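What you see is a predicted model; the values in this text were computed from it and never measured. Ligands are counted one by one from 1 in listed order, and the atoms in each one are counted from 1 as well.
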Amino acid sequence: MEYDDAQRVISEAAVSSFDGSESDRYRTVMQALVKHLHGFAEEVQLTQAEWMAGIEFLTRAGQVSGPRRQEMVLLSDILGLSMLTVAINEPKDPKVTASTVFGPFFVENSPMVGRDGDLAQGAPGEPCFVSGTVSGSEGSPIAGARVEVWGADEDGLYDVQYDSTRIANRGHQYTDVAGTFRFWTVMPVPYPIPTDGPTGELLRAARRTPMRPAHLHFMITAPGYEDLITHIFVDGDPHLGSDAVFGVRPSLIGDYEFNPSGTAPDGSVREKGWFELKFDFVLGEEVDEVG
Ligand code: BEZ
Ligand code: FE
């Protein structure tokens, strides 16, 4: 669709209104944003009713957001913007573990879990023993790396989605001198992202699935290395090809092996069986920002 002269004058004026921005970066980002917003409105020939529906939608998304509900993050996630931003900014070294979306269910100050400890803390689900290493891309183990983990229970819910302040199935552990970690959690299951707000309306209108393939969240940090925010997905999950937030990367699909009974790696005897995941993480070295 062609711009007519009046439309072009409006768009050019809106873009150039940022010419005097306080920094070059601010001007670049805002002018590109305005240019693309205007291009979008021109391309679809946005009606007044559609513009108003969009404003009302974003207003409601903001209004339902709060410390325990991050609807704006969810919206960014289902539009693929979160995952695109992750991909743009992650280290480009193929040896470094791939990143994926942070999601809305991380909580600060999780409990520390000792070696072979259970971070489930009563969250229902099949027991799952997780172990592995954290190393740098040159192969050396990283001692004292903080391994932060959070996951949904067998009903597909995170602790913060319950009407209580209970903390369950989240925690952190520091790697030992050999860069290893080991803990118990519950086996992840696929779950729908929250659909009771404006994001759910959007998914239904687009006839899109709200499902995420089963996964466990990790955030691994160590001085001198880039932070790693990622998940380990479950091999064979039927939703791996249709993740509602576009977060799946083949290198992040883990083998959660089922052991029907016997002695688990921590020496405990398990009559009912357990799952086991082994995964080695590689962090990128921090690069000094020049300037
Ligand atoms: C999650 O995996 O916790 C998540 C990520 C994006 C949107 C909703 C949930
Ligand atoms: Fe999740």
Side-chain angles (χ1 to χ4, degrees), residues 61-62 64-90 97-108 110 119-121 123-126 128 130 147-162 166-172 183 185-204 206 208-220 227-235 237-249 251-254 256 275 277 279 281:
V64 300
S65 298
R68 286 172 78 89
R69 170 97 199 203
Q70 299 189 25
E71 194 74 10
M72 299 304 275
V73 175
L74 211 52
L75 192 53
S76 162
D77 293 341
I78 62 124
L79 293 177
L81 181 61
S82 308
M83 198 52 210
L84 179 63
T85 309
V86 165
I88 290 170
N89 290 285
E90 72 182 342
T97 303
S99 302
T100 189
V101 288
F102 198 35
F105 299 126
F106 171 75
V107 175
E108 300 274 1
S110 72
L119 59 83
Q121 293 301 310
E126 301 279 349
C128 179
V130 180
V147 179
E148 182 88 39
V149 184
W150 65 106
D153 63 20
E154 70 179 0
D155 296 317
L157 294 170
Y158 289 80
D159 51 4
V160 289
Q161 293 178 280
Y162 288 92
R166 184 180 67 104
I167 294 173
N169 214 29
R170 66 177 70 242
H172 68 273
F183 58 85
T185 178
V186 294
M187 181 63 188
V189 297
Y191 65 83
I193 65 169
T195 55
D196 56 343
T199 304
E201 286 168 30
L202 192 156
L203 289 174
R204 282 187 290 278
R208 278 178 52 180
T209 176
M211 294 304 291
R212 294 218 64 205
H215 59 271
L216 203 52
H217 292 255
F218 288 83
M219 175 161 69
I220 306 186
D227 296 353
L228 172 67
I229 293 170
T230 196
H231 312 345
I232 304 303
F233 294 93
V234 177
D235 195 14
D237 187 291
H239 306 282
L240 284 171
S242 55
D243 183 4
V245 303
F246 314 100
V248 178
R249 313 187 78 175
S251 63
L252 297 179
I253 299 173
Y256 290 72
F275 287 87
L277 170 71
F279 202 91
F281 294 91

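Listed by number with element, the atoms of ligand 1 under 4.0 angstrom from any heavy atom of I193 are 7 (C), 8 (C), 9 (C). For ligand 1, the atoms closer than 4.0 angstrom to any heavy atom of G103 are 4 (C), 5 (C), 6 (C). The ligand atoms of ligand 1 that sit less than 4.0 angstrom from a heavy atom of H217 are 1 (C), 2 (O), 3 (O).
Residue-ligand proximity: Y158 is placed with a non-hydrogen atom under 4.0 Å from ligand 1.
The closest heavy-atom contact to atom 9 (C) of ligand 1, among the options P210, P104, A214, P188, comes from P104. When the heavy atoms of D77, L74, V101, T199 are ranked by distance to atom 6 (C) of ligand 1, first place goes to D77. Taking all heavy atoms of F105, F246, F102, Y191 into account, the minimum distance to atom 1 (C) of ligand 1 is reached by Y191.
The minimum distance between the Fe ion (ligand 2) and any N, O or S atom of H215 involves atom NE2.
Within the 6.0 Å centre-distance limit, the rings of Y191 and H215 are counted as a close aromatic pair.
With sequence neighbours left out, A98 forms a side-chain contact (heavy atoms from CB on, under 4.5 Å) with E90, R249, S251, L252.
A 4.5 Å side-chain heavy-atom check between P104 and D77 finds at least one atom pair inside the cut-off. N169 has its side chain within reach of L119: a pair of non-hydrogen atoms, C-beta onward, lies under 4.5 Å apart. Put simply, the side chain of F218 does not reach to within 4.5 Å of the side chain of L228, judged on heavy atoms.
Evaluated for a ring-ring contact (aromatic ring centres under 6.0 Å, His included) with H217, the options Y158, F105, F102 yield exactly one hit, Y158.
Counting only N and O atoms by type, the side chains of S110 and H172 include a donor and acceptor under 3.5 Å apart.
Between OH of Y158 and NE2 of H217, the angle at the Fe ion (ligand 2) works out to 90°, rounded to 10 degrees.
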